[in-house]
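See structure below.
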Amino acid sequence: MAKNNIRTPIVCVLGHVDHGKTSLLDKIRGSQVVNTEAGAITQHIGATLIPIDAIRKMSGLTGKTEITIPGLLFIDTPGHRAFTTLRARGGALAEIAILVIDINEGFKQQTQEALQILRNCKTPFVIAATKVDRIPGWRVHPDEPFQKTYAKQNERVQGILETRLYEIVGELSDLGFNSERYDRVRDFARNIAIVPSSGITGEGIPDLLMVMIGLAERYLTESLKITADGPGQGTVLEVKEERGLGMTLDLILYDGTLSVGDEIGVAGASGCIVTKVRSVLKARPMKEMLIEDRFERVKSVTAAAGIKLAAPNLDEVISGSPLRVIKGNRDEVIDAINAEMQAVNVKLSNLGISIKADTIGALEALSKELEAKEIEIMRADVGPVSRHDIIELETMREPLHKVIICFATDILPDVEEMLKHPRYADIKVFSGNIIYRVIDDYIEWRDEEIRRREAQQFEAIIMPAKIQLLPNCIFRQSDPAVVGVRILGGLLRPKVHLMSLDGRSVGTVKMMQDKGETVTEATEGMEIAVSIEGPTVGRQIHVGDTLYVEIPERHVKVLEREMLSHINVSSQEALSEYALIRRRDNPFWGK
Ligand SMILES: Nc1nc2c(ncn2[C@@H]2O[C@H](COP(=O)(O)OP(=O)(O)OP(=O)(O)O)[C@@H](O)[C@H]2O)c(=O)[nH]1
């Protein structure tokens with residue numbers, strides 16, 4: 001185990017979809033050193049341990065270089081989600097990260113998001129610029145350190161690699177990060193190291209591991225000091241049923257020791273669960289693995305390790321939850337676990353949408369993203385979407401708040417049924433396993449909904465218009481009067497009342513015709529024939545008269561306060577002239 005009680009740092013791999021996270025992890029896990037005598041890579045449950053001796057051997061480091069870190073423990077599940085949902089003591093469980101960027105594709109949306117997450121969590125990380133073997137003309141030298149294989153490439157290939165690398169450096173710099181190819185970095189505190197590598201050929205992987213060791217040595221040794229014989233502390237990765245064992249927890253133990261017979265506290269859906277460890281299980285080495293007997297029973301394990309435990313009463317445990325061994329401090333552990341579950345860092349508003357996620361970390365991650373997009377949250381809960389959630393939503397007044405966004409959690413079957421009922425037709429549920437996608441779906445729906453509403457409002461509101469009676473175009477004197485008019489501004493529609501400059505009502509537009517065709521709208525500059533019910537030409541209206549559409553006071557308020565930016569300049573002018581006429585007698589009209 002660890003020298004000076006320094007344990008292995010916990011590592012997570014992040015990056016854009018398809019940029020090669022899984023391949024990189026697989027390559028690291030399956031590296032050729034598996035069977036060397038120099039400390040074999042060991043499979044843990046949910047994690048893989050690469051001992052320092054294996055890393056030394058891969059990268060050709062002599063025993064002289066002083067290293068205190070005993071190795072690296074990689075969490076087997078890559079991605080943002082694993083990073084954000086697995087937490088320890090309020091922070092991310094992973095203490096160091098690899099951000100994977102496909103060197104041929106460069107920056108993508110999730111690359112930026114991952115950077116944001118790493119920045120928020122202040123996690124040291126290294127960038128693996130993967131898929132170097134896809135650079136046209138690249139000559140593969142399996143598993144070689146980067147500099148060796150790079151030296152054997154021709155100049156053109158080297159040139160392409162440099163150009164692409166500098167594109168990444170540029171993008172990072174736009175986001176405020178200084179970075180450099182790892183072998184040119186002088187100060188790892190100021191520069192992020194980029195290691196060109198391949199998850200398929202293994203090139204650059206030894207360098208990647210070495211840089212990580214360097215970072216961990218420098219930044220983490222204090223936080224990696226463990227109390228080996230202290231009570232175990234861990235984070236639950238998964239809750240699953242195993243044949244012959246019943247309910248089990250897969251967890252990463254990051255501090256202390258956990259033994260069979262220990263009393264533990266762990267978070268359940270309705271508070272802290274206290275139970276007693278029945279068995280502690282480790283993964284069997286690959287070659288000994290039999291279907292029937294995948295696990296090796298042990299008496300006790302010391303951090304850091306990925307293990308499985310069986311105990312009674314685990315059904316309700318929430319994945320991502322904290323786990324602590326109780327050593328005469330039962331109340332303290334219960335309080336701490338309850339506090340950690342309640343300290344969900346979600347900003348709630350009086351009004352807003354509802355959110356659900358499978359773990360606390362996931363809920364926080366979702367809420368952070370929503371907050372960044374200025375979307376208000378009223379309720380936030382861990383667990384599947386239940387009938388109760390839907391009933392609560394139904395009481396919301398604002399249709400835009402009758403929304404539940406659920407991330408990586410189930411919708412209970414009876415809820416699906418319930419939502420088919422017309423009564424709940426206006427409740428929207430957005431669900432998915434990628435935060436950004438669920439949020440985008442919601443935003444798309446919301447914006448469309450707002451546009452639809454505005455359009456409806458526009459339909460219902462009488463729009464301003466200013467028209468003038470044209471000379472030589474009196475087709476009929478009265479009942480109705482049919483005259484040629486020019487639209488001086490705004491939007492004329494049928495069925496509106498018209499008003500003269502002195503504020504008198506003169507009649508109602510019945511029909512409108514443009515070049516013999518009936519039309520329902522006419523805009524600035526058009527000359528059309530209109531039939532007007534009410535006036536007689538020569539008495540109430542005359543050639544050359546300017547008339548305005550009469551707009552009710554309530555509509556003027558809506559137009560002036562909410563719709564001004566949505567109507568064109570000529571409509572705005574017609575509106576303000578019309579309002580001026582109305583306000584001659586009453587300055588507060590429409591205000
Ligand atoms: N040539 C080459 N192909 C690679 C490399 N890394 C990944 N690939 C290929 O790229 C594709 C995606 O790789 P994955 O490792 O699944 O990528 P990922 O980031 O884990 O993808 P998601 O899990 O979908 O986010 C696969 O077809 C891999 O074989 C590499 O270094 N070189």
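Just follow the structure's listing: the first ligand is 1, and inside any ligand the first atom is 1.
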Between [Y] and [X], is there a side-chain donor-acceptor contact under 3.5 Å, judged purely by atom types and distance?
X    : Y    : value
H16  : Q109 : no
K308 : T248 : yes
Y166 : E171 : no

[X] versus [Y]: any side-chain heavy-atom pair under 4.5 Å?
X    : Y    : value
I273 : E316 : yes
V195 : I127 : no
I98  : V100 : yes
L400 : I450 : yes

What residue and heavy atom of the protein are closest to [atom], and at what distance?
atom                    : answer
atom 11 (C) of ligand 1 : K131 NZ, 3.9 Å
atom 17 (O) of ligand 1 : G20 N, 3.1 Å
atom 27 (O) of ligand 1 : R134 NH2, 4.8 Å
atom 26 (C) of ligand 1 : S23 OG, 4.6 Å
atom 20 (O) of ligand 1 : T22 OG1, 2.6 Å
atom 31 (O) of ligand 1 : G199 N, 2.9 Å
atom 29 (O) of ligand 1 : I200 CD1, 3.7 Å
atom 25 (O) of ligand 1 : K21 NZ, 2.7 Å

Do R437 and Y442 meet the cation-pi criteria used here (NZ or CZ under 6.0 Å from the six-membered ring centre, within 45° of the axis)?
->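 So R437 doesn't make the cation-pi contact.
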Does any N or O atom in D18 lie less than 3.5 angstrom from one in ligand 1, N or O only?
->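 Among all N and O atoms of D18, at least one is under 3.5 Å from an N or O of ligand 1.
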Ignoring angles and geometry beyond distance, decide whether V132 reaches within less than 3.5 Å of ligand 1 through its nitrogen or oxygen atoms.
->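 By distance alone, the answer is no.
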So does R184 have more than 12 non-hydrogen atoms from other groups sitting under 6.0 Å from CZ?
->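 Enclosed.
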Suppose I only count heavy atoms of [X] and a 4.0 Å limit; which atoms of ligand 1 are within that range?
X    : result
D133 : 1 (N), 2 (C), 30 (C), 31 (O), 32 (N)
H16  : 19 (O)
S198 : 30 (C), 31 (O), 32 (N)
V17  : 24 (O), 25 (O)

